[in-house]
Asker: 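Structure below; questions to follow.
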Number of protein chains: 2
Amino acid sequence: MILQKTQRRPGPQGGIRDTNRKERLRALGDAALRLFLERGLDPVTIDDITQEAGVAKGSFYRYFDDKAALLESLLRPVRDEVLGALATCARALGKARDAEAMFDAYRALGAVLAGAVLTHAGVVRLYLQENRGAPTGTRQQLATLSDEISRSAILVARKGHTHGLLRKVHPAVSALTVVGAVERLLLAVLRGEEVGNPLEIPQALTSIILEGLRVPATSAR
Amino acid sequence: MILQKTQRRPGPQGGIRDTNRKERLRALGDAALRLFLERGLDPVTIDDITQEAGVAKGSFYRYFDDKAALLESLLRPVRDEVLGALATCARALGKARDAEAMFDAYRALGAVLAGAVLTHAGVVRLYLQENRGAPTGTRQQLATLSDEISRSAILVARKGHTHGLLRKVHPAVSALTVVGAVERLLLAVLRGEEVGNPLEIPQALTSIILEGLRVPATSAR
DNA sequence: AGAAAGTGTGACCACTCAGTCATGATTTTG
DNA sequence: CAAAATCATGACTGAGTGGTCACACTTTCT
């Protein structure tokens, strides 16, 4: 785990210093996120970020080693939440004794992820925009997260498969189909593209996925 | 349409100059594609490309105005093929009189796209990696193509919907679900990720999509 | 209060990169 | 074959860019 550069700083918890630090951290993070979303990771310079945040360049380096460290600080909470939810789902699936319990686990996963999307809309959108790019430099950690998510999703799908819940296709195909569909739709919503009532999408998507992935109840065609 | 910088050059069709030009164009394109895939668009410099291609820097500018122009030359054939196939599919759907004819149109679209993927694997993979990034600078044209594809896909889905072929969800949801799933799976295959036998994927994906999107034949759950 | 520690600032430096251009070599033309 | 046109080359330039640092200022500690 990378050490935060803001550890072991003087002053009391709620003191002036502490408050200032938090404010600057927030300003830098906000500014960077705004610029990353608008222009992409690479073209945004440290000067751009500090100017947008209304802070001197030198101050940036007091808080972060470089652009990647700033991105890491934005990403960590989301990352923890998402990977945690996937792990929880995998655990619940392991314990599930019947199909209904498994559907519950999938539903719970969906709920947690939806919550994470709402509370971290900007970072999620950044992830969606950048995670497939070449895993170089600043973008590496996004690619890594993407990998971890895919692996977890495949694991979760595999459990659904060995329990005879899902269609007989390679688990990676089931998993990546869902991941791909969800990510594309989510990106459309977060970008404000025209997709009808966003609140109906989870419902629509769920039924599409269920009908498409699970073993057909009746033998239709 | 942007004019190719290599128009109106002297020498006979198969002359030495003509041959050299084609060879250099190919070397630059190949080198750039390799580097773009490996490092992403922005971090690759003109110096990188010319060095990888074994060509002097000045020569680059004899053939292309800048990095974006090179990318455009790589992208154009693929772009034309894909958008053409989508347009053809939309036309066929317009003429279709029964459900079977419509499925044929969708199948034909799939076949053409599959062919394009095979003959332009590198460029397609580059598109998949970069198309969702911020539409800035060099990446703009990829974002534009992504837009055009999504719009076409929605158009195609809308026809399937008005003909009562597809589930009652917003056409954008149907379309983006498919686009997202296909793109994610394709990326996995082109990157050599473990997804089982690649040849079985189209079959699996088709049945998943059909079952998921179309109006259920029997009323199952 | 005064000393010590921490913090913000922006000028500055070394380096990178896109794009240019003078030069000499190669090809075409007549 | 010789003049004219085109071409490849790589040194060079000017505009940034990442990262540093001396300095002045603020907060904390004793």
Side-chain angles (χ1 to χ4, degrees), chain A residues 3-29 31-32 35-36 39-72 136-140, chain B residues 3-29 31-32 35-36 39-72 136-140:
Chain A
L3 280 184
Q4 277 289 55
K5 211 177 178 182
T6 47
Q7 277 181 344
R8 254 190 277 204
R9 293 281 176 86
Q13 200 63 343
I16 291 181
R17 286 245 158 120
D18 190 56
T19 305
N20 280 348
R21 279 197 293 267
K22 281 184 178 140
E23 166 56 20
R24 275 186 148 49
L25 235 22
R26 197 197 51 72
L28 285 170
L35 293 172
F36 287 161
R39 306 185 198 164
L41 254 26
D42 293 313
V44 174
T45 69
I46 309 289
D47 280 321
D48 290 336
I49 297 173
T50 52
Q51 189 173 344
E52 175 88 5
V55 153
K57 186 175 192 171
S59 297
F60 178 94
Y61 288 98
R62 181 171 300 282
Y63 290 99
F64 302 104
D65 283 330
D66 52 24
K67 222 164 41 169
L70 195 170
L71 178 60
E72 144 99 15
T136 310
T138 309
R139 209 174 296 98
Q140 173 120 35
Chain B
L3 278 184
Q4 277 289 53
K5 213 178 177 181
T6 48
Q7 275 181 345
R8 254 192 275 205
R9 292 282 177 86
Q13 200 64 344
I16 290 179
R17 286 249 157 113
D18 189 57
T19 305
N20 280 348
R21 279 195 292 266
K22 281 184 178 140
E23 166 57 19
R24 276 187 147 55
L25 236 20
R26 195 195 53 72
L28 285 170
L35 294 172
F36 287 161
R39 305 186 199 164
L41 254 28
D42 292 314
V44 174
T45 68
I46 308 288
D47 281 321
D48 290 335
I49 297 173
T50 53
Q51 189 172 346
E52 175 88 7
V55 153
K57 185 174 195 174
S59 297
F60 178 93
Y61 288 97
R62 180 171 301 282
Y63 290 101
F64 302 102
D65 282 331
D66 52 23
K67 225 167 35 170
L70 195 169
L71 177 61
E72 143 99 15
T136 309
T138 308
R139 208 174 298 99
Q140 172 121 36

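Only this structure's heavy atoms are used, side chains among them; waters, hydrogens and symmetry mates stay out. The chains referred to below are lettered A, B, ... by the order of the sequence lines, with proteins before strands, and numbering in each begins at 1.
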Asker: Report the residue (B:Ala56 or A:Asn20) whose heavy-atom-nearest nucleotide on DNA chain D is the more 5′ of the two.
Answerer: B:Ala56

Asker: Please name the pair of heavy atoms, one in A:Ala68 and one in A:Thr138, separated by the smallest distance, quoted to 0.1 Å.
Answerer: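 Closest pair (atom of A:Ala68, atom of A:Thr138, distance): CA-CG2, 4.1 Å.
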
Asker: In degrees, rounded to 10°, what is the bend between the two ends of the helix from C:dA1-D:dT30 to C:dG30-D:dC1, using five pairs at each?
Answerer: 10°

Asker: Figure out the OH/C1' separation between A:Tyr63 and C:dG8, and round it to whole Å.
Answerer: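 After rounding, the gap between these two atoms is 9 Å.
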
Asker: I need the CG-C1' distance between A:Asp48 and D:dG16, as an integer number of Å.
Answerer: 11 Å

Asker: For the residue pair B:Ala27 and B:Ala53, what are the closest heavy atoms and their distance?
Answerer: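 Nearest heavy atoms, B:Ala27 then B:Ala53: O-CB, 3.6 Å.
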
Asker: Are the side chains of B:Leu70 and B:Phe60 in touch, meaning some heavy atoms are under 4.5 Å apart?
Answerer: yes

Asker: Send over the distance from B:Asp42 CG to D:dG18 P, rounded to a whole Å.
Answerer: 13 Å

Asker: Please confirm whether the backbone N or O of A:Val44 pairs with a side-chain atom of A:Lys67, one donor and one acceptor, at under 3.5 Å?
Answerer: yes

Asker: Taking atom types as they are modelled, would you say the side chain of B:Arg17 forms a donor-acceptor pair with the base of C:dT28 within the 3.5 Å cutoff?
Answerer: no

Asker: Whole Å only: how far is the NZ atom of B:Lys67 from the C1' atom of C:dA18?
Answerer: 10 Å

Asker: Taking only the side-chain heavy atoms of A:Tyr61 (C-beta and beyond), determine which of C:dG19, C:dG6, D:dG18 contains the nearest atom.
Answerer: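 The answer is D:dG18, which lies nearest to the side chain.
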
Asker: Just checking B:Asp66: base, sugar-phosphate only, or nothing, at a heavy-atom cut-off of under 4.0 Å?
Answerer: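 Sugar-phosphate contact only.
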
Asker: Is B:Ser59 touching bases, backbone alone, or none of the nucleic acid, heavy atoms closer than 4.0 Å?
Answerer: base

Asker: In this structure, how many angstroms lie between the C1' atom of C:dT7 and the CG atom of A:Leu25, rounded?
Answerer: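 Computing the A:Leu25:CG to C:dT7:C1' distance gives 14 Å.
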
Asker: Tell me: CZ of A:Arg21 to P of C:dG6, nearest whole Å?
Answerer: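 My rounded result for the distance is 10 Å.
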
Asker: What are the two closest non-hydrogen atoms of B:Leu41 and B:Leu71, and how far apart are they?
Answerer: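 Smallest heavy-atom distance, with atoms named: CD2-CD2, 4.2 Å.
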
Asker: Write out a two-atom table: protein N or O, nucleotide N or O from nucleotides 21-23 of chain C, distance below 3.5 Å.
Answerer:
none

Asker: Could you state the CG-C1' distance from A:Leu70 to D:dG18, rounded to the nearest angstrom?
Answerer: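 To the nearest whole Å, that distance equals 15 Å.
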
Asker: Determine whether a donor-acceptor pair (N or O, by modelled atom type, separation under 3.5 Å) exists between the side chain of B:Asp48 and the backbone of B:Thr45.
Answerer: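 Here the side-chain-to-backbone pair exists.
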
Asker: In Å, rounded to the nearest 0.5 Å, how long is the span from CD of B:Glu23 to CG of B:Leu28?
Answerer: 9.5 Å

Asker: Do B:Lys57 and C:dA18 have a side chain to base donor-acceptor pair shorter than 3.5 Å?
Answerer: yes

Asker: Provide the closest heavy-atom pair for B:Thr50 versus B:Ala56 in the form atom of the first, atom of the second, distance.
Answerer: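 Smallest heavy-atom distance, with atoms named: CG2-O, 3.8 Å.
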
Asker: Side chain of A:Thr45 only, heavy atoms from C-beta on: which candidate in D:dC7, C:dA18, D:dG18 is closest?
Answerer: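 In terms of side-chain proximity for A:Thr45, the closest of D:dC7, C:dA18, D:dG18 is D:dG18.
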
Asker: Report the distance from atom CD of B:Gln51 to atom C1' of D:dT9, rounded to the nearest whole Å.
Answerer: 14 Å

Asker: Without swapping roles, check the side chain of B:Thr19 against the backbone of B:Gly15 for a donor-acceptor pair under 3.5 Å.
Answerer: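 Yes.
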
Asker: State, with a plain yes or no, whether a side-chain heavy atom of A:Leu25 is found less than 4.5 Å away from one of A:Phe64.
Answerer: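 Sidechains of A:Phe64 and A:Leu25: in contact.
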
